[in-house]
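These notes are about the structure you will find just below.
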Amino acid sequence: MSLREEVLTRVKALLKDRRVDGVLGLSLFEKEPVPCLFEDPFDVDALVIEPKWLLAKLAMNILKTAPQEYRLGLVCRGCDDRAVTELAKRNQLDRNRLTLLGIPCTAEQARKCLCSTPYPREIVAGERVEGMYPMNDEQAQLFLTGSMEERMKRWARELNRCIKCYGCRNVCPICVCIPCKLEDDLWVKRGHIPADMVSYHLIRAFHLSDTCVSCAGCTDTCPVNIPLMLLQVSMRETLKSQYAYEPGLDPERVSPVLTEQEKGEGTLFQEPAWIDSLRGGS
Amino acid sequence: MNLNFIKTICPYCGTGCGIILQVKGGRAVTTLADRSHPVSRGGLCIKGWTAHEFIHHPDRLTKPLLKKNGKFKELSWDEAIGLAADRLKETVKAHGPDAVASLSSARCTNEENYLFQKLIRAGLGTNNVDHCARLCHGPTAAAMAYALGSGAMTNSIADFSGAECILIIGSNAAETHPIIMGEIYKARDNGAVLVVVDPRRTEVANNADMHLQINSGTDIPLIDAMMKLILDASLENREFIASRTDGFTEMKEYLSQRTLEELSRECGIPLEDIRKVAELYARAREASIVFCMGITQHACGTSNVYAICNLALLCGHVGKPHSGICPLRGQNNVQGACDVGALPNVYPGYQAVADEKNHAKFAQAWGRDLSRKPGLTVTEIFAAAGTTVRTLYTMGENPLLSDPNQGHLMEMIPKLDFFIAQDLFMTETARYADLVLPAACYAEKTGTFTNTERRIQLLRKAVDPPGEAKDDFSILCLLLKAFGLKGDYADPSEVMDEIAALTPIMAGVHFDRLGTHGLQWPVPSDDHPGTRYLHKDTFTRGKGLFVVPKYTPPKEMPDENYPFVLNTGRMFSHYHTGTMTRRSPFLDREVDKPFVEIHPADAARLGIVEGGGVTVTTRRGSIETFARITTRVMEGSLFAPFHFSEAPANALTIEELDPDSKMPELKVCAARLEKG
Amino acid sequence: MGNDRSIRCFLCRCHGEISRVIDLDEVARALKSHPGVRSLDVRNSLCLEEDMDVLASRVEDPDATGLVLGACSLYARGDRIRTALEEKGISPDTVEVVDIREGCSWIHHGQPREATTKAIDLLRMGVALQRHRENPDEVMVDPVREVFVLGAGPAGISAAASLVRLGVRVHLLDRAKSPGGLLNLVKRIAPEDVTSDEYLSQKQQTIFASNGGVSHYPGAKLISAHGSAGDFTISFSSGKTEHAIRVGAVIVATGAKILMPDGLYRHGNLEGVLTGIELERRFKAGQLEGNRVVFIQCVGVRDRKRPYCSAICCIVSLKQACQVLDVDPQAEVFVLHRDIMCPGSVLEKYYRDAMARGVRFLRYEQDRPPVVLGDENVDSVEVYDALTSEMRRIKADLVVLSTPLAPHDDAGRIAELFGLNRDEHGFYEVRTLMHPLETKREGVFVCGSARWPVLGRSAVLQGEAAAMKAYELISRGTLAASRLSTYRERKFSLARVDHEACTGCGNCVAVCPYDACSLEKKEGALKSTVNLIRCSGCGSCVSVCPNGSIQLPGHSAMAIGEMLKAVCEQGS
Amino acid sequence: MTDRTEDSGNIQVVLEGAGRKIVVFACTWCALIGADGAGKKRISLPATFRVIPVECISRVEADAVIRAFTSGIDGVAVMGCHLGGCRHNGANLRSARKLELLKPLLDTVGIDSRRLFTSYGTAHEYHQFAQAIESFCSQIGEMPPVSAWSRSFVRAMSARGENE
């Protein structure tokens with residue numbers, strides 16, 4: 001049985017057994033994929049699983065507007081799974097109302113997204129492929145290394161193109177604020193492109209520093225091809241090396257930038273090396 | 001849960017991006033980007049992302065309205081259609097068919113535009129049908145049709161990414177066609193050189209490798225200089241010129257009359273920079289020229305386009321992939337409206353009304369005798385409004401904001417006997433109408449839009465029109481019936497079949513073929529896959545024609561009383577007259593008040609501060625707006641977007657016309673700036 | 001606030017201290033044209049009465065919404081100017097004191113031009129801050145003049161006694177049947193050398209003679225605790241009855257437990273291996289057998305699992321060693337230690353006296369601990385002497401294991417009930433340095449071994465200190481929440497949530513060091529809510545709120561943004 | 001560190017970093033007291049820094065730091081209490097972690113994390129404050145102005161040679 005058929009069988013069973021009221025996935029409409037909320041098992045034959053299409057935010061919005069007792073199934077990939085975890089941690093969706101049908105990404109998809117974990121925690125079918133280390137990617141290296149001046153020039157060239165479509169924010173499964181700081185004249189000057197785009201992208205990137213699930217949605221949707229997800233790489237590496245924390249992997253663990261001080265840290269017994277950034281000898 | 005995702009096409013600019021409307025309980029609640037769309041590929045601009053916001057706006061018109069004693073009263077559709085038909089017929093009877101004039105719409109579908117011009121031509125017997133294409137690419141259509149044989153963008157959007165050199169003249173695509181700009185940036189990432197010619201330092205200019213900040217309206221001297229330099233360096237494509245063009249000798253002769261120094265002084269660009277750009281363009285294996293309103297909205301707009309065609313022909317950068325002449329169309333279906341004949345001089349498919357064969361063909365197909373006389377253009381219609389033009393019918397147009405010299409329009413329109421406006425909202429123009437017909441927006445109907453790369457794409461109905469509003473297709477069917485014409489089309493696809501039967505370039509276009517990626521015309525037969533780029537082995541007209549341009553400097557130059565050059569145009573978060581975008585809360589918050597761009601030196605001299613109130617005055621009118629101090633404009637220049645009814649830039653502009661295409665000179669006029 | 005041109009500025013020459021370096025005329029010129037500034041005056045000394053009167057009279061202008069004073073630092077006279085103006089009826093929320101003396105003229109005395117530029121910047125920042133200051137939230141608290149004391153050990157009893165002497169009604173709750181806590185287990189108390197009865201009798205008399213001033217609930221169990229500083233509701237059971245009381249402050253004096261060695265040094269399977277407290281029991285019963293006694297220090301403590309010094313064990317062992325010698329002066333007493341911790345003159349003397357009486361001290365190393373030998377009874381202790389670097393075998397009849405104090409097993413539950421933090425060892429966490437009895441929960445104080453192992457003497461002192469802290473809180477009369485906190489020498493801005501914008505993500509709840517933020521369901525969605533009494537205005541919540549829906553009205557993001565703008569704008 | 005008081009007659013005008021703008025977010029419990037102390041001692045310091053007092057450095061939004069850089073401020077110092085010695089129950093440790101996470105981002109885009117100076121606990125006393133400020137100001141003085149960064153955003157070659 002192909003991966004699609006296995007998912008299809010599962011979705012049908014879920015709907016038939018009334019374990020969920022609807023399943024969010026992709027369906028073919030005039031030969032092309034669109035998101036679809038399947039509520040009738042007979043419609044499920046139109047279900048497809050490609051291409052990779054972020055659905056976590058849609059699922060969140062469905063649950064937010066649906067009646068309290070509505071239960072939803074979601075055909076999801078690794079990034080959707082992590083996004084659901086992060087959204088649940090931030091009270092944006094009720095994990096008990098959501099049944100995940102996890103499928104793994106292909107090696108090629110993982111490479112495209114520079115994804116280190118291209119599979120959900122539980123998969124219903126298919127084979128996992130190993131993820132990749134973002135810094136091994138040539139383009140990523142180009143953007144993340146070099147002297148400060150080189151980096152500045154490279155990013156200036158990229159960010160200067162921004163047309164302020166808000167697409168990166170709109171597709172981001174984690175960006176849920178209404179209103180959003182990026183619409184606030186205080187933080188990002190209104191009515192100009194790209195005048196304040198630096199604030200826009202740095203503030204946006206930092207807001208996601210401990211929540212970004214590396215879905216690559218921002219890069220994919222950017223009409224002017226800014227490699228936005230590369231802004232996250234170094235912060236993610238820092239979180240990983242300093243706190244062994246990766247967003248979306250552990251539903252129980254609170255982000256280290258929000259938690260109480262951990263044992264030993266900042267006390268007599270262990271002092272972080274970065275007490276004073278000048279003394280650090282950089 | 002009643003939740004659907006409807007794939008459709010963005011209603012704003014001519015790029016034709018794919019959007020997915022999320023519809024819940026009969027309301028469009030969100031817009032998603034369509035990841036599988038061939039043009040936008042999952043990206044959208046700020047307007048596209050908010051395309052759902054105005055649909056359910058409380059300002060939408062829901063009932064036909066008739067003005068009595070200066071006040072609008074509701075009436076039934078039967079009464080409204082009856083009244084409209086009666087008044088149109090009365091005018092024809094009393095003053096002859098040419099006393100009726102009409103504006104079709106670049107916002108409506110191909111099918112609707114086709115039915116509209118059919119109603120006017122066959123029902124009323126006049127060719128007085130035009131639309132706002134006049135105000136954007138009228139000169140383009142005229143010049144390119146004459147020089148190359150086809151008035152449309154020669155290549156595809158996807159072609160940009162493979163070019164080696166892209167020359168952008170008078171287009172701020174980053175704000176007006178952001179998704180196309182993305183493709184151009186892709187080319188730059190692939191190593192292409194991006195050169196921008198613009199009097200303003202626009203967004204595009206900021207991202208270019210070279211920016212030639214020319215004097216307003218001096219494109220012809222610049223291009224002429226480039227051509228001279230190319231010839232001097234023997235970089236012209238001799239084989240191409242010899243085998244595929246006419247008129248080169250005359251061209252050479254014309255060029256030899258001017259000196260480089262003179263040309264350079266005229267356009268304000270040092271010769272060295274012109275040389276650099278000329279060589280970049282000529283040496284590139286594939287090179288595209290992108291242009292927009294900065295070229296066309298001049299009194300010598302048509303010649304400007306000729307100049308561009310000349311440059312491309314000289315280097316042979318046309319008729320092949322990744323290079324070509326690319327006018328970017330401003331409205332979602334301005335291409336389509338032209339294609340299906342919403343122009344006074346041509347039937348659908350650019351078949352001239354003056355041509356006897358065409359006349360006979362359409363007269364037979366529509367079963368009526370038709371007028372042989374080309375109709376009036378937009379600008380001519382308003383010039384004649386209240387005099388020879390007695391009744392006006394507009395569909396989805398807001399000329400009061402989009403057309404030049406607003407004050408003049410406001411004087412003329414009340415002189416009409418009867419004015420029918422069909423629109424979504426009570427626009428500035430509709431307020432002047434006698435009869436207002438509530439229409440449906442893009443999300444409420446089925447049909448096709450044709451984007452700037454000639455791609456005919458299917459629009460799908462997502463929600464019902466509000467109240468009693470009807471889609472323009474239904475309204476037109478009712479009117480057609482009232483005039484005894486066929487009005488019982490089952491659905492728009494039947495109209496498209498009729499278009500295909502009459503229009504050779506769209507002969508193979510049928511709804512069932514458009515499902516996935518649409519079709520790029522020419523589609524001469526049912527099995528033709530569509531055309532990615534035009535003029536492949538031969539030009540549509542046979543050979544490409546060098547046309548000697550007639551340069552006229554801008555009509556109104558700054559003087560003591562009006563020391564500034566005023567330029568008008570668009571900005572990224574609003575669209576045209578703002579009827580849709582200014583009713584979208586998100587877009588309106590992004591920019592909620594009008595502004596005029598002023599150079600810091602000018603601002604300092606006049607004591608103007610950022611955000612402060614200013615008055616801009618020209619010989620035609622005056623607006624109160626707010627200052628934006630920026631070096632985007634040169635010293636002595638001003639730029640004002642025209643989206644704002646509270647400060648309509650077109651109250652200032654001049655209606656000086658391009659003699660060939662009747663395009664007004666919207667880009668240059670002399671203005672005075674005052675604080676407060 | 002935030003009207004245009006509504007700020008009145010006053011610059012202080014400070015009799016030349018400021019004007020000698022900073023060109024105040026230029027500053028005045030620059031500020032007068034600044035949007036938001038309505039008027040500007042330069043005075044000689046804003047802190048003196050005459051100028052103060054001018055300030056006060058000028059502010060009667062109904063259109064002026066704020067004052068910005070260019071003067072000295074808050075720590076110099078700035079704060080005092082504000083206080084003095086408050087006495088004249090001008091709310092401190094409307095007065096911004098900008099330090100252009102310590103923070104400018106004095107540190108840039110060699111650079112008058114730069115100092116002038118900087119002064120202009122600083123004042124513009126002050127104007128920006130004042131213009132964007134919103135009226136802060138406020139809530140008033142009327143403290144209940146009763147105090148809850150949890151635990152009737154030396155700390156709790158002292159606290160209760162001190163309070164009742166001040167006429168405060170006290171609820172004293174203890175899980176034991178009789179008061180005294182750990183002291184009840186001890187024969188005599190070090191270093192005072194008295195019995196526990198003697199030790200606490202006076203205080204107990206005070207308590208029980210107070211005619212109901214103290215309600216004592218022995219054998220009680222805590223059920224719940226709600227409320228905040230000034231007004232807590234606490235319910236508990238005592239015997240078969242349940243009680244619910246309202247108090248203004250809480251003193252946690254639950255003490256600590258004595259750690260049992262859990263098989264270490266063969267305790268439990270070898271006759272003669274005792275813990276210190278078991279030895280006390282024998283002393284009390286008068287059944288001490290054997291005269292060769294070896295004390296082993298630091299048992300189960302100062303290791304990886306309990307990396308702390310329990311602080312009292314050395315003194316206890318010294319006391320017991322001397323008590324052994326009291327019974328039998330011929331006894332051979334060894335103390336095997338890793339370090340002897342006897343800080344201060346009293347305890348040092350205690351140590352020297354023990355040494356003089358013949359107690360022998362021998363240092364062992366942590367990684368080579370002593371080994372207790374014997375078949376059924378203790379025979380000897382083998383130990384590696386760290387000083388002489390040789391193995392020694394010491395004959396012994398008794399081996400006494402000196403075990404530390406450790407947190408009570410239900411410390412976690414109590415911490416949860418009162419919202420306290422515990423340190424990494426499990427003791428209740430108190431605020432650092434200057435506030436050693438205060439917890440993160442305003443109005444809850446911790447004393448005695450509940451916060452850290454202490455001798456009886458310290459427990460008593462801490463109990464008395466905690467009583468004073470509690471008294472200070474409940475006796476102040478009606479209080480404004482913005483002045484409630486221990487730290488609120490100045491008025492603080494309390495956090496405020498814009499419920500429409502709040503997404504309910506809970507970041508603020510996670511970071512709030514005072515548990516002042518909580519999520520509540522409002523119209524079907526979770527929204528953050530601030531407990532104003534708990535909030536101390538630190539601003540942690542503001543910096544983690546993803547969309548700025550929580551703000552300190554007195555120091556909003558808008559104000560900081562405008563201040564940054566003021567810095568950038570100059571010279572450009 | 002020698003005291004450069006007026007009395008010593010050893011006044012040294014520090015010109016390093018002149019023209020740069022530096023903002024110091026100073027915790028009222030530590031760094032602000034240090035700043036006050038430096039003032040009382042009349043230590044000569046570079047005049048490029050502007051202090052913004054905050055209740056606790058946990059109030060400092062990373063967004064505000066970003067905003068500062070993007071609006072042309074060359075250096076931002078965040079000076080708070082000792083980690084573990086915060087008046088607000090360890091609030092500054094979380095804040096420190098957050099700002100620490102901002103540094104890789106600043107480095108990624110080439111703003112350079114050395115422009116963000118974080119100091120915890122060194123500034124309570126005046127000479128420590130003075131030393132920290134002086135070394136930070138001189139470090140910023142050696143770096144290009146941050147506006148060079150934003151200026152690089154306008155890369156187009158204009159024939160008229162105007163630059164924003």
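In what follows, every chain begins at residue 1, and chains take the letters A, B, ... in the order their sequences are listed. Note that the structure is predicted; figures quoted are calculated from it, not measured.
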Which residue pairs pass the salt bridge (Lys or Arg N to Asp or Glu O under 4.0 Å) test when at least one of the two sits in residues 536-564 of chain C, sequence neighbours left out? C:E562-C:K565

So does C:H555 get a backbone contact from the side chain of D:R59, meaning a donor-acceptor N/O pair under 3.5 Å? yes

Nearest heavy-atom pair of D:A38 and C:I107: which atoms, and what distance? O-CG2, 3.7 Å

Taking every heavy atom of C:C538 against every heavy atom of D:C56, the minimum-distance pair comes out as O-CB, 3.6 Å

For C:H108, all residues meeting side-chain hydrogen bond (donor to acceptor under 3.5 Å, both in side chains), sequence neighbours excluded: C:K118

Side chains of C:S536 and D:H88, heavy atoms from C-beta outward: is any pair under 4.5 Å? yes

Does the C:Q111 side chain pair with the main chain of D:S44, one donor and one acceptor, at a distance under 3.5 Å? no

Quick one: closest heavy-atom pair of D:K98 and C:S543, and the distance? NZ-OG, 2.6 Å

Most heavy-atom pairs under 4.5 angstrom with chain D, which of C:A115, C:G103, C:A557? C:A557

From D:I52, D:V51, D:V23, residue fulfilling side-chain contact (heavy atoms from CB on, under 4.5 Å) relative to C:M125: D:I52

Chain C contact via D:F25 - side chain, backbone, both or neither, heavy atoms under 4.5 Å: side chain

Answer with side chain, backbone, both or neither: which region of C:L129 has an atom nearer than 4.5 Å to a non-hydrogen atom of chain D? neither

Validation row: C:D121, D:K21 side chains within 4.5 angstrom (heavy atoms): yes

Provide the closest heavy-atom pair for C:Y75 versus D:T28 in the form atom of the first, atom of the second, distance. OH-O, 2.6 Å

Smallest heavy-atom separation, C:L564 atom then D:A64 atom, equals CD1-O, 3.5 Å

